[in-house]
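Counting convention: from 1, in listed order, for ligands and their atoms alike. Since the model is a prediction, treat every value here as computed from it, not as a measurement.
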Amino acid sequence: MTTPRIAFIGAGNMAASLIGGMLAQGLPTSAIRASDRGAEQREKIAREHGIEVLASNAEACREADVIVLAVKPQVMKDVCLDLAPHLQAGQLIVSIAAGITSASLENWLGPRAVVRCMPNTPSLLRLGASGLYANARVSAEQRQQAEQLLSAVGLAVWLDEEKLIDAVTAVSGSGPAYFFLLIEAMTASGEKLGLPRDVAAKLTLQTALGAAQMALNSDVDAAELRRRVTSPAGTTEAAIKTFQAGGFDALVEQAVKAADHRSAELA
Ligand code: NAD
């Protein structure tokens with residue numbers, strides 16, 4: 001695959017992580033251009049990453065193979081309508097905006113190869129998880145280009161149906177907050193048992209990290225790992241039985257379904 005030329009429209013937080021990730025993977029600075037309407041933001045991104053950052057979205061897209069739409073959803077329609085007359089045939093559009101369908105993008109940009117992505121905030125640390133959907137106009141090479149882009153900031157998985165973007169939003173998009181909620185609750189519980197708050201917080205966080213790393217490294221699933229650390233009549237079993245008696249699994253399912261439903265409503 002030849003090195004694709006990538007243009008970022010909107011050089012905010014998520015674009016900066018993707019740019020950093022791509023450069024860390026060895027893409028030359030000359031292969032990436034960006035545009036942003038904020039002069040300070042343009043200077044900051046150019047300084048931090050050594051790439052050209054322009055004021056004109058149309059100019060940034062000229063000669064690009066991949067155009068990453070990284071502005072907020074509220075301004076996406078106007079950005080696309082302005083950009084449409086300047087696009088060239090064969091350019092891949094990658095949108096990371098929440099809640100904007102590929103049909104809306106094609107409405108504003110004309111018939112186009114479009115990949116829609118749902119990244120999450122840990123992408124800022126290159127520990128992200130993204131779901132990707134490609135419309136029928138996307139070629140095999142363009143799929144690879146989109147995957148390379150998103151995998152520069154973490155895990156990237158392909159979805160067969162666009163509506164599954166809502167499920168990805170519900171699981172990994174909003175997911176960091178669910179873990180923060182558990183971390184909050186465990187820290188508060190540790191504190192109630194007499195641990196100093198900072199100690200309870202540190203123990204909880206390290207345990208979350210260790211559990212995720214163990215599960216990632218393991219060739220068995222989380223349920224099996226849990227069984228292995230739950231001795232009959234032991235301390236872990238006492239806690240797990242309490243979670244289950246309180247309807248933990250059903251509550252999580254209800255919560256994730258609520259997020260999926262809300263994501264579909266917002267699209
Ligand atoms: P951000 O506000 O940091 O970046 C958006 C940038 O777009 C800003 O720098 C702004 O100056 C620029 N901009 C605004 N209007 C413009 C225009 N007309 N032309 C050019 N540039 C313009 O936002 P972000 O957090 O990086 O989010 C960007 C997109 O990523 C959003 O659509 C969001 O839904 C999506 N997203 C973000 C996250 C996340 O974790 N931050 C997760 C999933 C999806």
Sequence neighbours left out, what passes side chain to side chain donor-acceptor pair (under 3.5 Å) with Glu106? Give chain and number order.
Asn135, Arg137
Which pairs count as salt bridge (Lys or Arg N to Asp or Glu O under 4.0 Å) when at least one residue sits in residues 108-128, sequence neighbours excluded?
Arg116-Glu162
With a 4.0 Å heavy-atom cut-off, what residues sit around ligand 1?
Gly10, Ala11, Gly12, Asn13, Met14, Asp36, Arg37, Gln41, Asn57, Ala70, Val71, Lys72, Pro73, Val75, Val79, Ile96, Ala97, Ala98, Pro119, Asn120, Thr121
Just checking Asp160: does its CG atom have more than 12 heavy atoms from other residues, nucleotides or ligands closer to it than 6.0 angstrom?
no
Show the nearest heavy-atom pair for residues Leu225 and Ala215, with the distance to one decimal.
CD1-CA, 3.5 Å
Taking only residues at least two apart or on different chains, which pairs with a member in residues 253-267 satisfy side-chain hydrogen bond (donor to acceptor under 3.5 Å, both in side chains)?
Asp166-Ser263, Glu253-Lys257, His261-Glu265, Arg262-Glu265
Paired with Thr204, the side chain to side chain contact (heavy atoms under 4.5 Å, CB included) test is passed by just one of Leu209, Leu182, Thr187, namely Thr187
